[in-house]
Engineer: 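Before I ask anything, here is the structure I am working with.
For the numbers below, each heavy atom of this structure counts, side chains included, while hydrogens, waters and symmetry mates do not.
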Amino acid sequence: MRLKTTQLGYTLPADVTRRVSIQRLRVYISADNLLTFTKYDGFDPELAAGGYTNIGVDRGIYPQARTISLGANISF
């Protein structure tokens with residue numbers, strides 16, 4: 001089982017954002033390839049099932065990168 005993509009965000013209340021001349025402000029954190037739950041001993045169980053490898057052998061292929069991003073959506 002894998003937690004592939006997730007995002008957690010918060011939109012600040014309008015009365016707070018209007019004080020600084022912003023209509024809307026949303027801050028968020030996003031993550032890709034965050035968690036993998038498996039008994040597989042290699043780097044990435046998805047790669048072991050692809051056409052480039054034999055089942056259970058990674059053959060030096062790199063696993064999928066874990067990416068964590070912070071951001072903000074601002075409307076003026």
Engineer: Could you measure the distance from the CD atom of Gln64 to the CG atom of Asn33? Nearest 0.5 Å is fine.
Structural biologist: 4.5 Å

Engineer: Tell me whether Tyr28 is reachable from Leu8 by hopping between hydrophobic residues (I, L, V, M, F, W, Y) whose side-chain heavy atoms are closer than 4.5 Å.
Structural biologist: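 Leu8 and Tyr28: separate clusters.
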
Engineer: With sequence neighbours excluded, give me every side chain to side chain donor-acceptor pair (under 3.5 Å) pair touching residues 6-20.
Structural biologist: Gln7-Arg26

Engineer: Go through the structure and list residues passing side-chain contact (heavy atoms from CB on, under 4.5 Å) with Val16, not counting sequence neighbours.
Structural biologist: Leu12, Pro13

Engineer: Taking only residues at least two apart or on different chains, which pairs with a member in residues 30-40 satisfy salt bridge (charged side-chain N to carboxylate O under 4.0 Å, His left out)?
Structural biologist: none

Engineer: Report all side-chain donor-acceptor pairs from residues 67-76 shorter than 3.5 Å, counting only partners two or more places apart or in another chain.
Structural biologist:
none

Engineer: Using the salt bridge (Lys or Arg N to Asp or Glu O under 4.0 Å) criterion, which residues pair with Arg2? Sequence neighbours excluded.
Structural biologist: Asp44, Glu46

